[in-house]
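Because only heavy atoms are used, hydrogens play no part in the values below, and waters and symmetry mates are left out as well, while side chains stay in.
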Amino acid sequence: MRYVVFACALLLLVGCAAPQETGPDPAEVRQAIDAVNSEFAEAFSNHDAETVAGLYTEDAVYMPQGAPAVHGREAIQQAMQAEFETTSPSDMVLTTESIEFHGDAVVEVGAFSLTLTPPGQEEAIQDEGKYIVVWKQNEGGMWRLHIDIWNTNSMPAMEEAEGESEE
């Protein structure tokens, strides 16, 4: 009888215990990241540096290929504006390949494609690459890019240098 009373008391305690705190719903986070990525791709393709920068956290770090890291939203906006002036990107597509939860952050691994038309060139260049973004929620609960690093799958600078050395 003692064991039955003990088992009932244990079940009662477990049943009344505070519910375990669960993390964010992965499907909802994925949907939020997809929405921000869509906004990012559209603003990037339209050369809207202010909107793009607004999708980053205030203290974000942007690490573009072939350039030093850029710290903070204002500096990211300036870097984006310079990028738009030198490459005139369009038709950006971002594709999330995976997301992983790490405490209060989410790590996204993805791929991108876009069209670049450098000044003075009539022919556009198709480019593809990959990226990793660490996402964090802001005070309003919106997911924002906190650390962003990317690189292209091609090596245009090396290809140009090889072409020049062959001449």
Side-chain angles (χ1 to χ4, degrees), residues 24 26-102 105-138 140-167:
E28 288 179 12
V29 173
R30 175 67 183 259
Q31 186 176 21
I33 287 173
D34 287 346
V36 175
N37 278 343
S38 179
E39 187 177 357
F40 186 104
E42 182 177 345
F44 195 88
S45 295
N46 291 321
H47 308 170
D48 184 351
E50 183 177 357
T51 297
V52 171
L55 299 173
Y56 286 83
T57 61
E58 192 66 43
D59 59 343
V61 179
Y62 171 61
M63 295 184 277
Q65 177 169 295
V70 179
H71 298 267
R73 187 182 292 151
E74 186 176 319
I76 291 170
Q77 181 174 340
Q78 293 169 359
M80 290 291 175
Q81 189 60 50
E83 179 72 18
F84 298 154
E85 291 168 4
T86 59
T87 62
S88 192
S90 62
D91 305 320
M92 174 179 263
V93 175
L94 299 172
T95 305
T96 301
E97 295 174 353
S98 67
I99 61 170
E100 293 181 8
F101 292 82
H102 296 276
V106 172
V107 175
E108 174 195 16
V109 175
F112 70 85
S113 65
L114 62 115
T115 303
L116 303 170
T117 309
Q121 287 189 0
E122 292 181 26
E123 192 171 322
I125 301 166
Q126 294 300 122
D127 195 14
E128 295 180 345
K130 59 265 184 207
Y131 63 89
I132 296 176
V133 173
V134 175
W135 294 84
K136 289 199 172 186
Q137 284 183 296
N138 65 12
M142 302 296 294
W143 287 96
R144 295 293 181 239
L145 294 92
H146 183 63
I147 301 172
D148 179 12
I149 186 167
W150 64 271
N151 59 57
T152 181
N153 292 342
S154 63
M155 304 246 335
M158 301 245 345
E159 291 170 5
E160 287 174 17
E162 288 173 7
E164 290 172 5
S165 65
E166 292 175 8
E167 294 177 12

Could you state the interatomic distance from [atom1] ([X]) to [atom2] ([Y]), rounded to the nearest 0.5 Å?
| X | Y | atom1 | atom2 | value |
| --- | --- | --- | --- | --- |
| Ser98 | Ile132 | OG | CD1 | 8.5 Å |
| Leu55 | Glu39 | CG | CD | 4.5 Å |
| Glu83 | His47 | CD | NE2 | 9.5 Å |
| Met80 | Glu50 | CE | CD | 13.5 Å |
| Trp143 | Ile33 | CH2 | CD1 | 6.5 Å |
| Arg144 | Asp59 | CZ | CG | 13.5 Å |

Could you tell me whether the side chains of [X] and [Y] share a donor-acceptor contact shorter than 3.5 Å?
| X | Y | result |
| --- | --- | --- |
| Asp127 | Thr152 | yes |
| Glu108 | Thr96 | yes |
| Trp150 | Gln65 | no |

Is the shortest heavy-atom distance from the side chain of [X] to the side chain of [Y] under 4.5 Å?
| X | Y | result |
| --- | --- | --- |
| Val52 | Gln77 | no |
| Tyr131 | Ile149 | no |
| Asn151 | Lys130 | yes |
| Thr57 | Leu145 | no |
| Val36 | Trp135 | yes |
| Val93 | Leu114 | no |
| Ile147 | Met63 | yes |
| Phe44 | Ser90 | no |

Quick one: does any side-chain atom of Asn46 pair with a main-chain N or O of Asp48 as donor and acceptor, under 3.5 Å? no
Ser45 (side chain) donor-acceptor with Ala41 (main chain) under 3.5 angstrom: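 Yes, Ser45 side chain to Ala41 backbone: donor-acceptor pair under 3.5 Å.
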Please find the pair of heavy atoms, one from Ile76 and one from Val70, that lie closest to each other, and give the distance.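 Heavy atoms only, the tightest pair is N-CG1, 3.6 Å.
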Shortest non-hydrogen contact from Pro89 toward Phe84: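 Of all heavy-atom pairs spanning Pro89 and Phe84, the closest is CG-CD2, 3.6 Å.
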Begin from the C-alpha positions of Gln126 and Thr115 and carry the test side-chain hydrogen bond (donor to acceptor under 3.5 Å, both in side chains) through to its verdict. CA-CA 5 Å; Gln126 294 300 122; Thr115 303; 2.8 Å; yes
Could you go through Glu100 and Val106, starting from their C-alpha distance and side-chain angles, then the distance that decides it, and tell me whether this counts as side chain to side chain contact (heavy atoms under 4.5 Å, CB included)? CA-CA 6 Å; Glu100 293 181 8; Val106 172; over 6 Å; no
Aromatic plane relationship, Tyr62 with Tyr56 - under 30° parallel, 30 to 60° tilted, over 60° perpendicular: perpendicular
